[in-house]
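Heads up: the structure comes next, in structure tokens.
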Amino acid sequence: PPAHVLFILATTDPHKLLGTVLSRCQRYDFKNVPADILVNHINFIAREEGISFQSPWLVQKLAELGAGSVRDTLSLFDQVLGLSENNKVTDDSFTLALGLARISAVRDLVSSILLGDVKKVSTLYRQTLEENVDIKKLTDQILEHLFQTIQHIDSRKFLYDQNIVTEESLKASLGL
């Protein structure tokens with residue numbers, strides 16, 4: 001090819017490229033886009049398109065699920081919009097579109113775990129699986145709720161306001 005021609009190879013799996021290819025390339029690794037920038041981008045699109053969210057938490061969660069990728073975040077946004085009515089994204093349309101457990105179900109599961117209520121945990125777990133929620137996604141959601149609980153243990157109001165755990169379960173688990 002002529003000297004002015006550049007070939008650009010973009011991949012999400014650079015480890016799969018042969019060494020002979022890599023040795024002839026300049027490598028540029030792009031960083032993930034921070035969640036707050038993705039949140040601003042989603043909010044901008046929503047404003048421009050007349051889309052509303054039931055809660056700001058849904059926008060934040062959408063950005064987190066995009067894992068730093070603008071393309072993936074917008075794809076998830078499109079999936080959610082496909083099951084939303086009148087350009088209003090609700091908790092139900094969000095969880096249904098993405099195959100997630102309802103936020104209240106995850107909160108109740110985590111709260112029951114903290115209370116040590118084995119029977120209620122078992123019942124809620126079975127109910128959630130009957131709603132065709134992927135077990136891996138459910139596990140990820142439970143772990144995220146537990147992480148949020150640990151991360152914000154000194155800010156209980158945040159935990160209650162964000163529906164991460166119930167006040168009763170947190171106080172019981174802390175022995176208060």
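All residue numbers refer to positions in the sequence shown, counting from 1.
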If two hydrophobic side chains count as joined below 4.5 Å and joins carry through other members, does Leu96 share a cluster with Leu138?
no
With rounding to the nearest 0.5 angstrom, report the CD to OG1 distance, Glu131 to Thr95.
8.0 Å
Starting from Leu143 and following side-chain heavy-atom contacts under 4.5 Å between hydrophobic residues (I, L, V, M, F, W, Y), which residues can be reached?
none
Is there a donor-acceptor contact under 3.5 Å linking the side chains of Arg126 and Ser122?
yes
For residues Thr73 and Leu62, report the shortest heavy-atom separation together with the two atoms involved.
CG2-O, 4.1 Å
Please walk me through it: do Gln26 and Tyr28 pass side-chain hydrogen bond (donor to acceptor under 3.5 Å, both in side chains)?
CA-CA 7 Å; Gln26 289 183 359; Tyr28 299 97; 2.7 Å; yes
Please check if Ile37 and Val59 belong to a single hydrophobic cluster, counting links between Ile, Leu, Val, Met, Phe, Trp and Tyr side chain heavy atoms closer than 4.5 Å.
yes
Can you list the steps and then say if Arg102 with Gln127 is a side chain to side chain contact (heavy atoms under 4.5 Å, CB included)?
CA-CA 11 Å; Arg102 288 176 289 107; Gln127 286 174 348; 5.5 Å; no
Glu64 and Gln60: side chain donor to acceptor below 3.5 Å:
yes
One pair to check against side-chain hydrogen bond (donor to acceptor under 3.5 Å, both in side chains): Thr90 and Ser93. What are the steps and the verdict?
CA-CA 5 Å; Thr90 63; Ser93 64; 3.2 Å; yes
Indicate if Leu146 and Ile135 have the same hydrophobic cluster label, given that clusters are the connected sets of ILVMFWY residues with side-chain heavy-atom separations under 4.5 angstrom.
yes
Approximate separation, where rounding is to 0.5 Å, of Leu38 CG and Leu65 CG:
11.0 Å
Thr128 vs Leu109, test: side chain to side chain contact (heavy atoms under 4.5 Å, CB included). Steps then yes/no.
CA-CA 10 Å; Thr128 305; Leu109 259 167; 4.3 Å; yes
Would you call Asp134 and Lys137 a salt bridge, taking side-chain N to carboxylate O under 4.0 Å as the test?
no
Tell me if a side-chain donor or acceptor on Gln54 pairs with a main-chain N or O of Asp91 at a distance below 3.5 Å.
yes
To the nearest 0.5 Å, how far apart are CD1 in Ile42 and CG in Asn40?
9.5 Å
Rounded to the nearest 0.5 Å, what separates atom CZ in Arg107 from atom OG in Ser112?
10.0 Å
Which distance, rounded to the nearest 0.5 Å, do you find between the CD1 of Ile51 and the OG of Ser84?
8.5 Å
Are Ile45 and Leu74 close enough, and set up right, to give a side chain to side chain contact (heavy atoms under 4.5 Å, CB included), and what steps lead you there?
CA-CA 10 Å; Ile45 292 170; Leu74 293 178; 3.5 Å; yes
How about Phe94 and Phe77: are their ring centres within less than 6.0 Å of each other?
no
CD/Glu85 to CG/Asp92 distance, rounded to the nearest 0.5 angstrom?
10.5 Å
Honestly curious: do Leu98 and Phe53 fall in one hydrophobic cluster under the side-chain, below-4.5 Å linking rule?
yes
Taking Asp13 for the side chain and Lys16 for the main chain, is one N or O donor matched with an acceptor at less than 3.5 Å?
no
Salt-bridge contact Asp29-Arg27 (side-chain N to carboxylate O under 4.0 Å)
yes
Check: Leu58 and Val80 side chains under 4.5 Å, non-hydrogen atoms
no
Would Phe30 end up clustered with Val70 when hydrophobic side chains under 4.5 Å apart are linked, directly or stepwise?
no
With no hydrogens and no angle check, is any side-chain donor or acceptor of Gln141 less than 3.5 Å from a backbone partner on Ala101?
yes
Could you pull out all residues at least two apart from Arg71 that satisfy side chain to side chain donor-acceptor pair (under 3.5 Å)?
none
Quick check on Asn86: does its CG atom have over 12 non-hydrogen neighbours (other residues, nucleotides or ligands) under 6.0 Å away?
no
Kindly indicate, with the supporting measurements, whether the criterion side chain to side chain contact (heavy atoms under 4.5 Å, CB included) is fulfilled by Gln79 and Leu83.
CA-CA 7 Å; Gln79 287 178 25; Leu83 289 178; over 6 Å; no
